[in-house]
Each structure stands twice: as structure tokens, then as C-alpha cells.
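Written below as C-alpha cells is the structure these notes are about.
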Amino acid sequence: LGHVRHDHELFMKHYRWLRSNAHTLTFDGGDFIENSSKLSVGAGVYEQDYNPNSQMAKATRLFAGLWSKLLFKLPGNHEARSSIMGLDIAAWIAAMVGVPYFPDFCFCTIRFAGNNFRLLAHHGSGAATTAGAQRMAARKMTSWAKGFDIFWTGHLHNPLLDMVFQTDFDHKGRAVERNAMIVISPSYLRYFSTYAASKMYPPGPLGLHVLRLHKDGRIDASIHARGARL
């Protein structure tokens with residue numbers, strides 16, 4: 001939000017969908033605002049259509065409209081641009097909206113129909129550009145984080161859905177299959193005429209991922225390939 005290449009029309013379409021559907025939940029994984037200053041890389045400070053203070057105000061209003069659906073808020077590297085001045089802008093937004101805030105990882109359990117869906121979320125990190133490197137970046141926390149059902153990150157602006165085989169133990173001590181979904185969210189930032197294009201980072205589709213939780217414990221992932229088929 002605030003970058004001149006932000007696809008605000010698509011974002012607001014999905015924002016309205018989240019608000020209008022009764023059984024949708026979401027979280028903010030970070031980088032919600034551009035938050036560029038004269039210390040930012042490239043010409044970022046000139047790629048904004050309004051300043052970081054106004055971005056923060058608008059983000060707060062938007063989050064307030066999703067208050068009942070927001071599980072938590074995380075910071076991204078864009079919010080962290082203010083940290084060099086000792087200001088945690090992501091924490092302030094979370095406090096003003098009244099949602100839980102976590103400075104890096106969030107472990108969250110969604111209890112639904114007798115199930116415990118365990119979500120591990122982080123903004124993401126690194127500069128992986130190839131499909132294989134991004135898959136490994138998405139999976140790298142699995143070396144120590146165990147027992148989650150969904151590991152969700154963003155940051156890389158390229159969507160990924162992956163599944164890993166896991167086991168767990170039921171209440172009788174029997175080993176059971178408990179597969180996990182690995183997710184990297186896309187973004188709403190267009191590609192051309194941005195810093196990413198100038199550095200030849202690969203472009204990524206825009207939008208969001210949706211996971212559907214079922215009463216039998218199944219998790220369905222939804223991803224859409226847009227475009228005219230001429």
C-alpha cells in the first residue's frame with residue numbers, strides 16, 4: 001500500500017471478499033505498506049503516491065474494517081525500515097487496531113469442528129529467485145519447527161503451494177499421517193517500472209492464497225491463474 005505500482009483495484013476486490021464472507025479469517029504477514037524513505041534502496045522514496053505517515057493511517061483504517069477476521073499481525077522488511085529510527089511501525093498499527101502482534105514468528109491454533117489446525121507464520125526472508133530456491137526457502141523452518149499443519153510466509157512476491165509428509169500421534173498413542181501445507185503468498189505489487197524489474201528479479205502473479213479447512217481435517221488450497229485465453 002502506497003507504492004505507485006500497487007494493484008489497489010485487485011487488492012480492494014479481495015478485501016471486500018474477505019469482509020463479505022462470514023467464515024473467512026486472515027492475518028497480516030508484513031509488508032502491508034511501502035514505507036520508503038531516503039534511506040531505502042533504489043528510488044523507492046520517489047515510487048510512492050503518498051508518504052509513510054499517510055500509508056500507516058490508511059493501513060490502520062483498512063485493518064479496522066477487518067478487525068473481527070484478523071488473527072494477528074507480523075512485521076515485514078518494509079515496516080522494518082522504520083526500525084533504524086527505533087520505531088516499530090507494525091506494532092503500532094496492531095496496537096491501534098487491537099490485534100495480537102508478534103515480532104517474527106507466530107504459532108497459532110485454529111480450533112474448528114473438533115480439529116486443531118496449527119498455523120506457523122513468518123513474513124519470510126532471503127532473496128531466492130529460482131523456483132527450486134524458493135521452495136527450499138519456504139521449507140527451511142521444517143528442520144526445527146514440527147507439528148504444524150500450515151507454514152505460511154510471503155516476502156518473495158511469488159506464489160508457492162507445497163505439501164510435506166508428516167506423522168503425529170493420536171490420543172491413543174498411535175502414529176497417524178498428518179501432512180502439512182507450505183505456502184508462500186503472492187503480492188499486489190506490479191512488476192514493470194519497479195526496483196524488482198530493474199534488478200531482473202523474476203515477476204510473480206498478483207493476488208492471494210486461500211486455504212479451506214474441513215471438518216474431517218482436510219486442508220484444500222486454492223490458487224488461480226488469471227488471463228485472457230485468446
Side-chain angles (χ1 to χ4, degrees), residues 1-19 24-37 39-42 44-45 47-85 87-106 108 119-127 150-160 183-191 194-196 201 204-211:
L1 191 71
H3 194 287
V4 294
R5 300 294 291 155
H6 179 252
D7 193 333
H8 195 64
E9 181 180 355
L10 181 62
F11 168 78
M12 289 306 299
K13 175 184 177 181
H14 293 162
Y15 179 87
R16 289 188 292 269
W17 174 80
L18 280 166
R19 290 195 62 181
T24 53
L25 295 172
T26 189
F27 66 92
D28 173 30
D31 280 5
F32 193 81
I33 60 175
E34 175 63 16
N35 197 33
S36 283
S37 73
L39 303 176
S40 301
V41 297
V45 69
E47 294 175 343
Q48 300 174 115
D49 47 14
Y50 43 94
N51 65 37
N53 191 66
S54 298
Q55 294 169 28
M56 180 178 175
K58 188 166 186 176
T60 303
R61 288 195 296 270
L62 286 168
F63 282 136
L66 291 175
W67 177 83
S68 63
K69 296 174 175 292
L70 276 171
L71 295 171
F72 53 86
K73 176 167 174 52
L74 303 174
N77 51 288
H78 279 252
E79 287 93 345
R81 288 170 171 172
S82 298
S83 298
I84 194 171
M85 281 80 75
L87 173 63
D88 191 338
I89 193 172
W92 274 104
I93 293 174
M96 286 188 286
V97 178
V99 297
Y101 172 72
F102 300 88
D104 38 62
F105 289 93
C106 177
C108 174
L119 167 66
L120 170 59
H122 190 278
H123 173 67
S125 65
I150 304 163
F151 179 42
W152 206 319
T153 62
H155 182 66
L156 296 176
H157 292 218
N158 225 328
L160 179 140
V183 183
I184 298 180
S185 280
S187 77
Y188 290 93
L189 186 63
R190 297 184 183 97
Y191 178 68
T194 67
Y195 179 79
Y201 296 150
L206 306 186
L208 82 168
H209 280 325
V210 176
L211 300 190

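What you see below is based on every heavy atom in this structure, not just the backbone, and it leaves out hydrogens, waters and symmetry mates.
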For the side chain of [X] and the backbone of [Y], is there at least one donor-acceptor N/O pair under 3.5 Å apart?
X: Asp104; Y: His122; result: no
X: Thr24; Y: Leu18; result: yes
X: Tyr15; Y: Leu62; result: yes
X: Glu79; Y: Asn35; result: no
X: His78; Y: Glu34; result: yes

Partner of Phe72 under ring-ring contact (aromatic ring centres under 6.0 Å, His included), chosen from Phe63, Phe27, Tyr101, Trp152
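Of the listed options, the one satisfying the test is Phe27.
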Interatomic spacing from [atom1] in [X] to [atom2] in [Y] - rounded to 0.5 Å:
X: Lys58; Y: Tyr50; atom1: NZ; atom2: OH; answer: 4.0 Å
X: Leu206; Y: Leu10; atom1: CG; atom2: CG; answer: 6.5 Å
X: Thr26; Y: Leu70; atom1: OG1; atom2: CG; answer: 6.5 Å
X: Asn51; Y: Ser36; atom1: CG; atom2: OG; answer: 11.5 Å
X: Tyr195; Y: Ser40; atom1: OH; atom2: OG; answer: 10.5 Å
X: Met85; Y: Leu39; atom1: CE; atom2: CG; answer: 6.5 Å

Flag the pair His14 / Tyr188 as yes when their ring centroid distance falls below 6.0 Å, and as no otherwise.
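For His14 and Tyr188, the ring centres are under 6.0 Å apart.
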Of all heavy-atom pairs between [X] and [Y], which one has the smallest distance, and what is that distance?
X: Gly207; Y: Pro186; answer: O-CG, 3.3 Å
X: Val4; Y: Asp49; answer: CG1-N, 3.6 Å
X: Pro100; Y: Leu71; answer: CD-O, 3.5 Å

Quick one: are Arg81 and Ser37 in side-chain contact, heavy atoms under 4.5 Å?
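No - every pair of side-chain heavy atoms lies 4.5 Å or more apart.
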Any non-hydrogen side-chain atom of Ser187 less than 4.5 Å from a side-chain atom of Asn158?
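The answer is no; the side chains never approach within 4.5 Å.
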Working for side chain to side chain contact (heavy atoms under 4.5 Å, CB included), residues Gln55 and Gln48
CA-CA 9 Å; Gln55 294 169 28; Gln48 300 174 115; 2.8 Å; yes
Applying side chain to side chain contact (heavy atoms under 4.5 Å, CB included) between Cys106 and each of Leu120, Leu119, Leu74, report the one that passes.
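So, applying the side chain to side chain contact (heavy atoms under 4.5 Å, CB included) to Cys106 and each of Leu120, Leu119, Leu74, only Leu74 qualifies.
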Look at the rings of His123 and His155 and say which category their plane angle falls in: under 30° parallel, 30 to 60° tilted, over 60° perpendicular.
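Plane angle over 60°, so perpendicular.
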Determine, stepwise, if the pair Asp88 / Ser82 fulfils side chain to side chain contact (heavy atoms under 4.5 Å, CB included).
CA-CA 7 Å; Asp88 191 338; Ser82 298; over 6 Å; no
May I have the step-by-step check of side chain to side chain contact (heavy atoms under 4.5 Å, CB included) for His3 and Thr194, ending in yes or no?
CA-CA 9 Å; His3 194 287; Thr194 67; 4.0 Å; yes
Evaluate the side chain to side chain contact (heavy atoms under 4.5 Å, CB included) criterion for residues Ile89 and Ile33: first the C-alpha distance (whole Å), next the side-chain angles of each, then the deciding distance (0.1 Å), finally the verdict.
CA-CA 10 Å; Ile89 193 172; Ile33 60 175; 3.9 Å; yes
